[in-house]
Amino acid sequence: MPSPLMNTPNPVDNSTTANGYIKKWWKEAVVYQIYPRSFKDSNGDGIGDLNGITSKLDYIKGLGVDVIWLCPHFDSPNADNGYDIRDYRKVMTEFGTMADLDEMLRGIKQRDMKLILDLVVNHTSDEHAWFVRSRQSKDNAYSDYYIWRPEKEDREPNNWISFFAGSAWKKDASREEYYLHLFADKQPDLNWDNPKVRTEVHDLMKFWLHKGIDGFRMDVIPFISKDQTFPDFPKDFDGRPEFIYAAGPKLHDYLQEMNREVLSKYDVMTVGEALGVTLEQTHLFVDERRNELNMIFHFDLVRLDRQGWKWKPWTLPEFKAICARFDQGMDSHCWPTVYLTNHDNPRSVSHFGDDSPEYRVRAAKLLATFQLTSKGTPFIYQGDELGMTNYPFTNIEEFDDIEVKNNWKAEVLTNRVSAEEYLFHQLRTSRDHTRTPMQWDDSANAGFTTGSKPWFVVNPNYKEINAKQALADENSIYHYYKTMLGLRKKTLAFVYGDYKDIDPQHVSLFAYTRTLGAKSYLILLNFSRNRISYTLPEGVKAGSLLVSNSDAKEEYSTLLHMDAWDARVYRL
Ligand code: NOJ
């Protein structure tokens, strides 16, 4: 029986906007992402938990968001912090119990918010009961739940590589065959060509939907279908396996089947993590007439300064070009997402802004202005509303992430790169920057835990950067987010409006308009420490000032003076 919690009313009327979008609640919603391990510990064991989240629901609601995306909370041995699931129907012991989850969900619904869960079904943990059986023999009921292949000429079945370094195949001693793992060897890939596997996935989705959750973020969903002939990488392989792994032949059949069997029966929101998916392929996933997913996360913006695990400099015109390309490349049948970080990326203010003590607050507010005036469903990562920054790692021992550690072994311990060079890049790119504990107050361990030892390092800047300070200071980043979220809620042009970059080549100013029907807005963002005097192009004149992250007062003018990291929103 569906739980009574399921029926949260959806206020959006499904009519069509002046520029052709069908209005949907999940298009107008703003999502707050929680990485439970690092959010709030309620029992002093140093690990964030569900009761910790429940205790902070007023804080989240206070920000003005509508939906919470919870990173994996399922039973897991934590080879990849929960992205290796041992039991899809059990809560991770460190995070609490199913009763705690029900309580958290009740608290979310009572506050008129929604919850989406992480659906991690490209792979399971090697400790999942299915894999334990699968590796036992070639002829039991679970033998074909995973992808097994004999060795080929004394080697792995093909030359595919894992995202966490090394071959994507591991030889299993008991079956004397290799199994595929696109991530860690403790994350074997499921065999989606086996209809029983697909039914299992549909069933576990229904299990959670019947609890009353409101949708899923789908982990590396484009990888679920594999070319079962397993050819080697092509001759011209460019070192980016994701584009090959995302090109499986049955991918869209499986997504349409999942939609038919499960998703179409609920009013839920779905967002696929689309590693390896180009802009040109996007409509295949999200065109509403195809009945697959609602939205996907692209990687182009967050990875604009990356080459593999290495960092490279980026420019604002490149950033703007990505925004423009994506805007033009998706018609009104598709819907984008807008995010600047998550648990796999560095902190947004350190990445795209300026985390110096002088400019951090301004820069974080500027990024909030960008995100909350952009088309698409915004996803805000925990702590970004406080302007939390990258962690000042000084040596490899301080990191936790399997990706950082495995690449260290593959690159540094083999003398391919020096320790200094490796750290230089990780200081800019590591996933661990966003995984440090939330900074709640200025007490020991930032108030994250009452215990003496948090599971992971706390950023030493917690005395200045924390939620208690932010709530008390009306000029804080948190309050600015609140203002911007309120403005977005009442301004449909920020959600659905047409987008126009009015000066794509400017190296430090991002200037664009958003227009819906008769309503038009101008957004000006100075992505630099330079003071800019800017004359608006012919025909554009700033009107009344709706929001500013500084004490600027200029209005009704074509000449504007922007200070370092100034952000403004004008009515046109
Ligand atoms: C993407 C997740 O976001 C990441 O954290 C994880 O390591 C991989 N998928 C594997 O599940």
Side-chain angles (χ1 to χ4, degrees), residues 8 10-12 23-36 38-39 53 56-73 104-105 107-109 111-120 208-209 212-219 221 263 266-274 285-286 293-299 301-302 326 334-345 347-348 364 367-386 388 434 438 477-478 481-482 484-489 491-492 494-496:
T8 315
N10 294 316
V12 176
K23 291 169 73 188
K24 292 282 175 196
W25 66 265
W26 45 265
K27 294 182 183 174
E28 297 181 23
V30 176
V31 184
Y32 185 82
Q33 182 191 350
I34 293 185
Y35 196 66
S38 299
F39 192 65
I53 297 172
K56 294 294 183 188
L57 290 178
D58 284 335
Y59 168 88
I60 299 168
K61 176 71 185 175
L63 197 56
V65 297
D66 312 280
V67 177
I68 292 175
W69 154 24
L70 185 67
C71 281
H73 67 282
M104 180 188 79
L105 185 56
I108 291 172
K109 301 272 165 167
R111 288 166 182 80
D112 239 342
M113 293 189 290
K114 294 174 185 290
L115 176 68
I116 64 170
L117 296 180
D118 224 307
L119 185 72
V120 188
W208 288 102
L209 288 164
I213 65 136
D214 303 285
F216 297 101
R217 173 268 186 188
M218 301 188 184
D219 192 66
I221 200 72
L263 299 170
Y266 305 83
D267 184 12
V268 292
M269 133 178 193
T270 53
V271 51
E273 187 203 22
F285 292 80
V286 302
L293 304 178
N294 296 148
M295 306 168 260
I296 58 176
F297 292 127
H298 284 103
F299 281 60
L301 207 56
V302 288
F326 275 83
C334 301
W335 188 249
T337 55
V338 38
Y339 75 104
L340 290 172
T341 191
N342 56 27
H343 63 293
D344 292 332
N345 286 286
R347 280 284 169 192
S348 66
L367 295 174
T369 316
F370 164 74
Q371 196 181 14
L372 297 171
T373 58
S374 288
K375 191 190 290 174
T377 299
F379 286 73
I380 300 168
Y381 183 72
Q382 69 182 42
D384 258 26
E385 76 282 13
L386 304 175
M388 279 176 63
T434 40
M438 250 314 256
I477 300 164
Y478 178 93
Y481 264 90
K482 215 171 148 152
M484 284 306 306
L485 278 155
L487 186 65
R488 186 180 176 92
K489 272 265 120 65
T491 317
L492 283 186
F494 293 143
V495 178
Y496 299 104

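These values consider heavy atoms only, across backbone and side chains, with no hydrogens, waters or symmetry-generated copies.
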Report yes or no: does T337 contribute a side-chain atom to a donor-acceptor pair with the main-chain N or O of I296 at less than 3.5 Å?
yes
Would you check if Q382 and S38 make a side-chain contact, meaning some heavy-atom pair closer than 4.5 Å?
yes
Indicate the atoms forming the closest heavy-atom contact of K482 with G62, along with that distance.
CE-O, 3.2 Å
Is the Y35 ring parallel, tilted or perpendicular to the Y381 ring (thresholds 30°, 60°)?
tilted
Distance col, row I213:CD1 vs Y266:OH, nearest 0.5 angstrom, shows 9.5 Å
Pick from M218, H73, R217: which one makes a side chain to side chain contact (heavy atoms under 4.5 Å, CB included) with L117?
H73
Any donor-acceptor N or O pair under 3.5 Å, side chains W26, T377
no
Nearest heavy-atom pair of V67 and A29: which atoms, and what distance?
CG2-CB, 3.9 Å
Residues D58, R111: salt bridge by 4.0 Å N-O rule:
yes
Distance (rounded to the nearest 0.5 Å) between K489 NZ and L372 CG:
10.0 Å
Tell me, with the steps shown, if W208 and L115 meet side-chain contact (heavy atoms from CB on, under 4.5 Å).
CA-CA 11 Å; W208 288 102; L115 176 68; over 6 Å; no
Considering all heavy atoms of both residues, which atom of M104 and which atom of I53 are nearest to each other, and what is their separation?
SD-CG2, 3.8 Å
Might you work through the side-chain contact (heavy atoms from CB on, under 4.5 Å) test for K23 and V495, ending with a clear yes or no?
CA-CA 10 Å; K23 291 169 73 188; V495 178; over 6 Å; no
Okay, side chain of K114, backbone of D214: is any donor-acceptor separation there less than 3.5 Å?
no
What is the minimum heavy-atom distance between V286 and C334, and which atoms define it?
CG2-CB, 3.7 Å
Test side-chain hydrogen bond (donor to acceptor under 3.5 Å, both in side chains) applied to D384 and R347, Q371, Q33, the passing residue
R347
Donor-acceptor contact below 3.5 Å, side chain Y32 vs main chain I60:
no
Let me see the working for T434 and M388 under side-chain contact (heavy atoms from CB on, under 4.5 Å), right down to the final yes or no.
CA-CA 8 Å; T434 40; M388 279 176 63; over 6 Å; no
Going from CE on M484 to CD1 on I380, what distance comes out if it is rounded to the nearest 0.5 angstrom?
10.0 Å
Step by step, work out the side-chain contact (heavy atoms from CB on, under 4.5 Å) result for F370 and L340.
CA-CA 10 Å; F370 164 74; L340 290 172; 4.0 Å; yes
Using a 4.5 Å cut-off on heavy atoms from C-beta on, say whether the side chain of W25 contacts that of D267.
yes
When rounded to the nearest 0.5 Å, the distance separating CZ of F297 from CG of D219 is 11.0 Å
Measure the shortest side-chain to side-chain distance between L57 and I68 over non-hydrogen atoms and say whether it is less than 4.5 angstrom.
yes
Can you label the angle between the W335 ring and the Y496 ring as parallel, tilted or perpendicular, going by 30° and 60°?
tilted
Calculate, to the nearest 0.5 Å, the distance between atoms CD and CZ belonging to E28 and R488 respectively.
9.0 Å
Testing the basics here: between I116 and V271, what is the closest heavy-atom pair and its distance to 0.1 Å?
CD1-CG1, 4.3 Å
Between D66 (side chain) and V30 (backbone), is there a donor-acceptor pair under 3.5 Å?
yes
Could you give the distance from CH2 (W69) to CD1 (I34), rounded to the nearest 0.5 Å?
11.5 Å
Would you call N294 and K27 a side-chain contact if the rule is heavy atoms closer than 4.5 Å?
no
Over all heavy atoms of both residues, which pair between L485 and L63 is shortest? Give the atoms and the distance, please.
CD1-O, 3.1 Å
